[in-house]
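Since the model is a prediction, treat every value here as computed from it, not as a measurement. All chains are named by letter (A, B, ...) in the order of the sequence lines, taking the proteins before the strands, and each is independently numbered beginning at 1.
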Number of protein chains: 2
Amino acid sequence: MTPAGRRIVTAAEELFYDRGITSVGVDLIAEYSGVTKRTLYNQFGSKDHLVAVYLAERDKRWRSRVRETVDGCDDPAEAVTAPFETLRTWSEANTRGCAFINALAELPDPSHPAHRIAADQKHWLLTLFKELATAAGCADADTLATRLLVLHEGALATQPLPLDTLPVSTDLARALVRASTAPGR
Amino acid sequence: MTPAGRRIVTAAEELFYDRGITSVGVDLIAEYSGVTKRTLYNQFGSKDHLVAVYLAERDKRWRSRVRETVDGCDDPAEAVTAPFETLRTWSEANTRGCAFINALAELPDPSHPAHRIAADQKHWLLTLFKELATAAGCADADTLATRLLVLHEGALATQPLPLDTLPVSTDLARALVRASTAPGR
DNA sequence: TCGTAGGTATACTGGTCTGTGAATCTGACG
DNA sequence: CGTCAGATTCACAGACCAGTATACCTACGA
């Protein structure tokens with residue numbers, strides 16, 4: 001990707017997330033990234049494609065943050081709930097909820113690439129939870145993983161509201177992991 | 001509200017939810033409800049106001065459905081998770097996630113009436129969970145209520161994705177209620 | 001030295017959007 | 001019969017939007 005292309009994606013990430021995809025026009029993105037609209041179209045071809053790149057790039061950044069947090073855990077049981085810790089720091093700069101759920105809300109057409117990207121992201125997180133739970137020796141890793149995903153998404157979805165759900169979600173997630181690794185079970 | 005006004009709101013409920021607020025123009029709503037655009041503006045003044053009415057009306061319908069389900073429960077412990085049962089039947093005709101979360105995604109301006117309506121809705125559900133938990137004699141009703149809310153919103157948010165999270169969420173919700181009313185605690 | 005890729009500058013097309021103006025119609029109710 | 005609110009008809013303003021056309025500039029590598 002050319003330097004101009006990179007600047008465009010950076011601007012798109014900020015504007016699309018903060019103001020919504022439909023509300024942000026290509027002219028604004030071009031102006032914001034100090035680039036001509038012609039360049040934007042030479043690089044990405046269409047707004048829809050730029051939206052797809054924006055989501056894919058954001059997904060990539062988020063996954064590497066999660067991976068970092070997971071790898072920074074000594075205890076395998078602690079690692080299972082590492083994505084909740086990522087969410088805590090991630091939320092400091094991202095207070096408009098989940099970019100992928102939001103994108104689905106704005107782009108109802110199921111054939112839009114955004115739908116595949118969003119589905120892939122959630123599926124990736126579910127699989128990660130499964131793998132981490134299995135590695136930590138949790139009972140019924142499949143159910144536990146789905147439970148953790150629901151808690152994660154619930155905390156993320158309610159983030160734009162004045163409810164402060166993350167601490168409670170994280171606590172419950174840890175309790176579930178603890179319970180499924182308890183010697184009694 | 002005049003008969004025409006009611007038809008407009010009905011059309012708006014369907015179109016806004018299924019296709020997104022920004023993607024649906026007032027012309028489409030007018031055509032869909034068999035009414036002139038002039039009438040629409042005479043009744044509601046602006047699209048933003050119509051959006052607010054749409055959300056308020058949907059909220060009203062949903063609350064009465066929840067109340068019905070709650071009132072249909074014999075066991076107070078069963079009543080605590082009644083909103084999850086409502087969500088099950090509600091989801092049969094509403095597969096695009098939460099209309100309020102979606103509205104926040106599309107309307108980033110915090111001064112838009114949609115924000116207040118959405119916040120009120122989630123706050124109402126949280127309070128309901130608290131009341132029901134207290135009535136059922138649950139320990140730590142406040143924390144339990146927040147946990148249930150997160151599960152509810154998580155199931156709702158992941159609904160547009162191919163994940164089938166509702167059964168697992170409902171099971172966990174019931175288990176949490178059971179645990180907090182156990183004689184041991 | 002010359003071609004080419006990446007970028008700039010600017011004007012423009014065709015369409016859609018929210019919202020308004022002005023005149024007319026219709027039916028219920030006093 | 002007269003009034004008036006609700007509704008229709010239809011044209012139109014003004015803004016914005018995605019995407020295109022054309023011409024030009026610049027740096028770099030064969």
Next on the checklist: Looking at B:Arg61, I want to see if its CZ is surrounded by more than 12 non-hydrogen atoms of other residues, nucleotides or ligands under 6.0 Å.
Outcome noted: yes
Next on the checklist: Contact between A:Arg88 and A:Phe84 at the side-chain level, heavy atoms closer than 4.5 Å - yes or no?
Outcome noted: no
Item to check | Length of the NE2-P vector between B:His49 and C:dG19, whole Å | outcome: 12 Å
Item to check | Contact check, side chains of B:His112 and B:Val51, non-hydrogen atoms, under 4.5 Å | outcome: yes
Sub-3.5 Å pairs of nitrogen or oxygen atoms, protein against nucleotides 7-16 of chain C:
unit_1, atom_1, unit_2, atom_2, d
C:dG7, OP1, A:Thr2, OG1, 3.1
C:dG7, OP1, A:Ala4, N, 3.3
C:dG7, OP2, A:Thr2, OG1, 3.3
C:dG7, OP2, A:Gln43, NE2, 2.8
C:dT8, OP2, A:Thr36, N, 3.4
C:dT8, OP2, A:Thr39, OG1, 3.0

Checklist entry - Taking CG from B:Leu40 and C1' from C:dT18, how many angstroms apart are they, rounded to a whole number? => result 11 Å
Item to check | Whole angstrom value for the distance that separates P of C:dG19 from CG of B:Leu28 | outcome: 16 Å
Checklist entry - For the pair made of CZ in A:Arg6 and C1' in C:dG6, what is the distance, rounded to whole Å? => result 16 Å
Checklist entry - Rounded to whole angstroms, how far apart are CG on B:Asp27 and C1' on D:dA11? => result 13 Å
Next on the checklist: Between A:Glu68 and A:Arg65, does any side-chain N to carboxylate O distance fall below 4.0 Å?
Outcome noted: no
Checklist entry - Roughly, in whole Å, what's the span from CE in A:Met1 to C1' in C:dA5? => result 17 Å
Item to check | A:Ile29 CD1 to D:dC16 P, straight-line distance once rounded to whole Å | outcome: 16 Å
Checklist outcome for this item: Between CG of A:Asp48 and C1' of D:dC17 the distance, given in whole Å, is 13 Å
Next on the checklist: When you compare the side chains of B:Gln159 and B:Thr95, does any donor N or O come within less than 3.5 Å of an acceptor on the partner?
Outcome noted: no
Checklist outcome for this item: Test side chain to side chain contact (heavy atoms under 4.5 Å, CB included), reference A:Lys122, set B:Leu163, B:Thr158, B:Thr165, output is B:Leu163
